Student: 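Below are the C-alpha cells for one structure; questions will follow.
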Amino acid sequence: MNSPVLVINCGSSSIKYALIDSDPEAPRLAGLAERLGSSEARLKGKNSAGESFTQALPNADHAEALTSILKRLEGRVPGAVGHRIVHGGEHFTRAALIDENVIAAIESTATLAPLHNPANLAGVAATQKVFPDLPQVAVFDTAFHQTLPPRAYRYALPDALYTKHGIRRYGFHGTSHAYVSQRAGELSHRGAGGWLTAHLGNGCSTSAVWNNQSQDTSMGLTPLEGLVMGTRSGDVDPGLHAHLHRQLGWSVDEIDSVLNQQSGLLGLSGLTNDMREVEDQALNGHPGAKLALEVFCYRIAKSLAALSCALPKLDGVVFTGGIGENSPIVRREVIALLPHFGFSLDKAANEGTTRGKEGRLNSTDHNGPEVWVIPTDEEGRIAMETRHCVESPE
C-alpha cells in the first residue's frame with residue numbers, strides 16, 4: 001500500500017491526527033482538534049512546509065472536526081485509517097481490521113478503560129462516516145504486552161476473578177515500547193536481545209523486551225499501576241483504599257480521583273505535575289520538589305531492576321517520552337541508582353541529547369549494558385501496523 005495512512009487518536013473532546021506516508025522522509029501533516037463540543041473548539045497543527053495554523057471550530061463534534069481535518073490534508077488521500085485503541089483486553093494480540101465483531105469486542109472491554117475505549121470508538125464511528133470506503137484498523141496499546149507469560153500477568157487473586165472477569169495485568173504504552181525496543185535493536189550491534197524501556201511522560205511505564213516481545217511491564221489492569229507519574233500515584237498498598245474509606249469516609253470515586261488526578265509529582269511536590277518545573281524548584285531547594293524528583297527516579301530504577309528478572313540477558317536501557325527524552329537529570333539519577341548493573345553514562349552525551357535526537361549515552365568501547373535515548377514515534381508505529389494489517393489480513 002503506497003498511499004499514506006491517516007492515524008487517529010481520539011479522546012472524549014479531542015482528535016489527534018497524523019498523515020504518514022510510506023516514505024519515512026516525506027513530511028507529515030499533523031495536528032490536534034481540541035475542546036470539541038464547546039464554543040472554544042479549534043483545530044491546530046502544521047502543514048507540509050512546517051508552518052503552523054489554528055482554525056476555530058465553534059461547537060464542532062468529532063465528525064465535523066474530521067471533515068475539517070480532511071481539508072488540511074493538502075489533497076493527499078489516505079489509503080487507510082489507523083486508530084489508537086487503548087484497551088483490547090485479551091481479544092487482540094495484534095492490530096485488527098475494524099468490523100462489527102471488532103467493535104463489539106472493543107465495547108466489551110470498555111469497563112477496563114471507561115475513559116478511553118468509548119472515546120476511541122466515537123472516533124471510529126466518526127471516521128467511518130467521513131471515510132466510508134477506507135479500511136479502518138484498530139491498533140491497541142495493550143496488544144504488545146499480550147506476550148507476557150502468566151507469571152507476569154496474573155495477580156495472586158481467586159482464579160474466578162481472572163477467568164470470569166478478566167482481572168489481570170494488561171500493560172499500556174505498547175506502541176511506544178514496541179517502537180523504541182525495535183529501534184534499539186536496529187541501532188545497536190547487540191541486535192534485538194534484551195532491552196529495558198522507560199516511557200516517561202505525564203504517564204509513565206517500563207517494560208522488559210526480549211527479541212521484540214514484551215516479557216513484563218509496570219502498568220497492570222489499569223494505567224494507574226506502576227511508576228510515579230504526573231498526577232497518578234503508581235503503586236500503593238492495596239489496603240489504602242479500605243483505610244481511606246474507614247478513616248476519612250472517602251468513597252471509591254473520591255479515592256480514585258485522588259490517586260489518578262491529585263497524586264504523583266503534583267501530590268508530592270504540592271506544586272505541579274510538570275517535571276520541568278519540578279526540576280527547577282528542586283534545584284532552588286524546594287523540599288516538596290526535591291522529594292518528588294527523588295521518589296520519581298527511585299521508583300523508575302526500582303522498576304527497571306525488578307523487570308530485569310524477565311530477561312535472559314540485559315543489553316541495555318532505553319529512555320523515551322517527554323521526560324525520558326528531555327531530562328538529563330532524571331536519566332542521570334536513575335542510572336546512578338543502578339550501579340550493580342554495570343551501566344556507564346557519558347556526561348557530555350547525556351546533557352547534550354535533546355528531543356528529536358536519538359543517541360547512545362555511553363561510549364562505544366564500554367562493555368556493559370548500553371544506555372540510549374530514542375524519541376518515541378507512536379503514530380509511526382500505528383501507521384506501520386495499519387499498513388501490515390491491510391496488506392496481510394489474517
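For the single chain, residues carry numbers from 1 onward in sequence order. This structure is a prediction, so every number in the text was calculated from the model and none was measured.
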Student: By the definition side-chain contact (heavy atoms from CB on, under 4.5 Å), identify the one residue from Met275, Gln281, Arg276 that meets it with Val278.
Tutor: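 Among Met275, Gln281, Arg276, the one that satisfies the side-chain contact (heavy atoms from CB on, under 4.5 Å) with Val278 is Met275.
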Student: Does a sphere of radius 6.0 Å around CG in Asp237 hold more than 12 heavy atoms from other residues, nucleotides or ligands, not counting ones at 6.0 Å or beyond?
Tutor: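 Yes, the 6.0 Å shell around CG holds more than 12 heavy atoms from other groups.
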Student: If you define the side chain from C-beta out and look only at heavy atoms, does anything of Ser108 sit under 4.5 Å from His91?
Tutor: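 Sidechains of His91 and Ser108: in contact.
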Student: Does Phe172 have its ring centroid less than 6.0 Å away from the ring centroid of His87?
Tutor: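 For Phe172 and His87, the ring centres are under 6.0 Å apart.
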Student: If two hydrophobic side chains count as joined below 4.5 Å and joins carry through other members, does Leu304 share a cluster with Phe341?
Tutor: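 Yes.
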Student: Measuring from Asn273:CG to Gln261:CD, what's the distance to the nearest 0.5 Å?
Tutor: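 So the CG of Asn273 and the CD of Gln261 are separated by 11.5 Å.
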Student: Between the side chains of Ser48 and Glu74, does any donor sit under 3.5 Å from an acceptor?
Tutor: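 Side-chain D/A pair, Ser48 to Glu74: present.
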Student: Check for me, please, whether Leu240 and Val258 land in the same ILVMFWY cluster - side-chain distances under 4.5 Å, paths through other members count.
Tutor: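 Same cluster.
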Student: Would you kindly confirm whether Val334 and Leu227 end up in one hydrophobic cluster when ILVMFWY residues are joined by side chain heavy atoms under 4.5 Å apart?
Tutor: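 Looking at the clustering, Leu227 is in the same group as Val334.
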Student: Looking only at heavy atoms, what is the nearest atom pair of Cys10 and Ala119, with distance?
Tutor: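 Looking at all heavy atoms of both residues, the closest pair is SG-O, 3.5 Å.
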Student: Testing the 3.5 Å rule here: is there a donor-acceptor pair between the side chains of Asn117 and Thr109?
Tutor: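 A donor-acceptor contact under 3.5 Å links the two side chains.
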Student: So how far is it from Ile374 CD1 to Trp195 CH2, rounded to the nearest 0.5 Å?
Tutor: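 These two atoms lie 7.0 Å from each other.
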Student: Inspect the contact between Lys290 and Glu294 and indicate whether a charged nitrogen and a carboxylate oxygen are less than 4.0 angstrom apart.
Tutor: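 Salt bridge: no.
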Student: Would one find more than 12 heavy atoms of other residues, nucleotides or ligands at under 6.0 Å from atom CG of Asp23?
Tutor: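 Yes.
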Student: Does any donor atom in the side chain of Ser13 or His62 lie under 3.5 Å from an acceptor atom in the other side chain?
Tutor: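 Distance-only check fails for Ser13 and His62.
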Student: Any side-chain heavy-atom pair from Val371 and Ile335 closer than 4.5 angstrom?
Tutor: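 Side-chain contact under 4.5 Å: yes.
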Student: Any ion pair linking Arg42 and Glu34 (charged N to carboxylate O, less than 4.0 Å)?
Tutor: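 Salt bridge flag = yes for Arg42 with Glu34.
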Student: Could you tell me if the side chain of Tyr17 sits less than 4.5 Å from the side chain of Val7, heavy atoms only?
Tutor: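 Counting from C-beta outward, Val7 and Tyr17 never come under 4.5 Å.
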Student: Would you compute the distance between atom CD1 of Ile382 and atom CD1 of Ile20 and round it to the nearest 0.5 angstrom?
Tutor: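 The distance works out to 8.0 Å.
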Student: How close do Ser214 and Leu148 get, counting heavy atoms only, and between which atoms?
Tutor: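 Ser214 and Leu148 have their closest heavy atoms at OG-CD1, 3.2 Å.
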Student: Measuring from Arg299:CZ to Met229:CE, what's the distance to the nearest 0.5 Å?
Tutor: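 Nearest 0.5 Å value for the CZ-CE distance: 10.0 Å.
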Student: Give the minimum heavy-atom separation between Gly201 and Ile323, together with the two atoms involved.
Tutor: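 That closest heavy-atom pairing would be O-CD1, 3.5 Å.
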Student: Do Leu314 and Leu196 come close enough that some side-chain heavy atom pair is under 4.5 Å?
Tutor: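 A side-chain contact under 4.5 Å exists here.
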Student: Do the side-chain N and O atoms of His177 and Ser205 include a donor-acceptor pair separated by under 3.5 angstrom?
Tutor: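 Result is yes, a qualifying pair exists.
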Student: Taking the side chain as everything from C-beta on, heavy atoms only, tell me whether Tyr170 gets closer than 4.5 Å to Gln146.
Tutor: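 Touching, per the 4.5 Å side-chain cut-off.
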Student: Hey, are Lys302 and Asp235 close enough for a salt bridge, meaning a charged N less than 4.0 Å from a carboxylate O?
Tutor: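 Result for this pair is no, no salt bridge flagged.
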Student: Using the rule that two of Ile, Leu, Val, Met, Phe, Trp, Tyr join whenever any of their side-chain heavy atoms come within less than 4.5 Å, decide whether Phe296 and Leu283 are in one cluster.
Tutor: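 Hydrophobic grouping puts Phe296 with Leu283.
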Student: Regarding Ser188 and Glu370, is there a side-chain donor-to-acceptor distance under 3.5 Å anywhere?
Tutor: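 Judged by distance alone, the side chains do pair up.
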Student: Answer yes or no for Arg94 and Phe92: cation-pi contact, defined as NZ/CZ to six-membered ring centre under 6.0 Å and angle to ring axis within 45°.
Tutor: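 Negative - Arg94 is either too far from the ring of Phe92 or too far off its axis.
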Student: In terms of hydrophobic clusters joined by side-chain contacts under 4.5 Å, are Leu266 and Ile255 together?
Tutor: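 No.
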Student: Determine, stepwise, if the pair Ser233 / Leu224 fulfils side-chain contact (heavy atoms from CB on, under 4.5 Å).
Tutor: CA-CA 7 Å; Ser233 65; Leu224 183 59; 3.8 Å; yes
Student: Pair Ser176, Thr376 - check side chain to side chain donor-acceptor pair (under 3.5 Å), show working.
Tutor: CA-CA 6 Å; Ser176 179; Thr376 193; 2.8 Å; yes
Student: Give, for atom CG of Leu32 and atom NZ of Lys46, the distance between the pair rounded to the nearest 0.5 Å.
Tutor: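 Here the interatomic distance stands at 13.5 Å.
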Student: Looking only at heavy atoms, what is the nearest atom pair of Asp315 and Gly193, with distance?
Tutor: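 Taking Asp315 first and Gly193 second, the nearest heavy atoms are OD2-CA, 3.3 Å.
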Student: For Gln215 and Thr147, test the side chains for any donor-to-acceptor distance below 3.5 angstrom and give the result as yes or no.
Tutor: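 Short answer, no.
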Student: Assess whether side-chain contact (heavy atoms from CB on, under 4.5 Å) is satisfied between Val317 and Phe343, documenting all intermediate values.
Tutor: CA-CA 9 Å; Val317 60; Phe343 291 117; 3.7 Å; yes
Student: Ignoring hydrogens and angles, state whether a donor on the side chain of Gln55 or Arg72 is under 3.5 Å from an acceptor on the partner side chain.
Tutor: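 The answer is yes; a qualifying pair exists.
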Student: side-chain contact (heavy atoms from CB on, under 4.5 Å) between Val5 and Val81: does it pass, once the steps are laid out?
Tutor: CA-CA 6 Å; Val5 171; Val81 181; over 6 Å; no
Student: My understanding is that only one of Arg381, Arg387, His388 makes a side-chain hydrogen bond (donor to acceptor under 3.5 Å, both in side chains) with Glu385; could you say which?
Tutor: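 Testing each of Arg381, Arg387, His388 against Glu385, the sole residue satisfying side-chain hydrogen bond (donor to acceptor under 3.5 Å, both in side chains) is Arg381.
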Student: Quick one: do the Tyr162 and Glu90 side chains pair a donor with an acceptor below 3.5 Å?
Tutor: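 Yes.
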Student: Step through the shown structure and confirm whether more than 12 heavy atoms of other residues, nucleotides or ligands are within 6.0 Å of NZ on Lys71.
Tutor: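 It does not: Lys71 NZ has 12 such atoms or fewer within range.
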Student: Grab the two heavy atoms, one from Ser207 and one from Asp216, that are nearest each other, plus how far apart they are.
Tutor: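 Taking every non-hydrogen atom into account, OG-O, 3.0 Å.
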Student: Under 6.0 Å from the six-membered ring centre of Tyr155 and within 45° of its axis: does the NZ or CZ of Arg168 meet both?
Tutor: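 Not satisfied by the 6.0 Å and 45° rule.
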Student: Between CG of Leu361 and CG of Asp346, what distance do you get to the nearest 0.5 Å?
Tutor: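 Rounded to the nearest 0.5 Å, the CG-CG separation comes to 8.0 Å.
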Student: Can you find a pair of side-chain heavy atoms, one from Phe140 and one from Thr175, that are under 4.5 Å apart?
Tutor: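 When only atoms from C-beta onward are counted, Thr175 and Phe140 do not touch, as no gap falls below 4.5 Å.
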Student: Answer yes if the side chains of Arg331 and Asn350 hold a donor-acceptor pair under 3.5 Å, and no otherwise.
Tutor: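 Yes - a donor-acceptor pair under 3.5 Å links their side chains.
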Student: Closest heavy-atom contact between His245 and Trp250?
Tutor: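 Heavy atoms only, the tightest pair is ND1-O, 3.0 Å.
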Student: Decide, yes or no, whether a salt bridge links Glu325 with Lys357 under the criterion of side-chain N to carboxylate O below 4.0 Å.
Tutor: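 Salt bridge absent between Glu325 and Lys357.
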Student: Report yes if the side chains of Thr386 and Cys389 come closer than 4.5 Å at any heavy-atom pair, otherwise no.
Tutor: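 No; the side chains remain at least 4.5 Å from each other.
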Student: Can you establish whether the number of heavy atoms outside Glu186 located under 6.0 Å from its atom CD is more than 12?
Tutor: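 Counting neighbours around CD of Glu186, more than 12 heavy atoms of other residues, nucleotides or ligands fall under 6.0 Å, so yes.
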Student: Tell me if the CZ atom of Arg76 is crowded by more than 12 foreign heavy atoms within 6.0 Å.
Tutor: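 Count over threshold, so yes.
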Student: Taking atom OH of Tyr298 as the centre, report whether more than 12 heavy atoms of other residues, nucleotides or ligands fall under 6.0 Å from it.
Tutor: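 Open: at most 12 neighbouring heavy atoms sit under 6.0 Å from OH of Tyr298.
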Student: Taking atom types as modelled, is there a side-chain donor on Ser218 or Glu225 under 3.5 Å from an acceptor on the other?
Tutor: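 There is no such pair between these side chains.
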Student: With Ile69, which of Ile15, Thr127, Leu19 fulfils side-chain contact (heavy atoms from CB on, under 4.5 Å)?
Tutor: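 Exactly one candidate clears the test, Ile15.
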Student: Is there a side-chain contact (heavy atoms from CB on, under 4.5 Å) between Glu254 and Leu259? Walk through the geometry before answering.
Tutor: CA-CA 9 Å; Glu254 288 173 320; Leu259 295 182; over 6 Å; no
Student: Between Arg84 and Glu379 (salt bridge meaning N to carboxylate O under 4.0 Å), is one present in this structure?
Tutor: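 Salt bridge between Arg84 and Glu379, a charged N being under 4.0 Å from a carboxylate O: no.
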Student: Just checking, any donor-acceptor pair under 3.5 angstrom between side chains of Thr197 and Ser181?
Tutor: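 No donor-acceptor contact under 3.5 Å links the two side chains.
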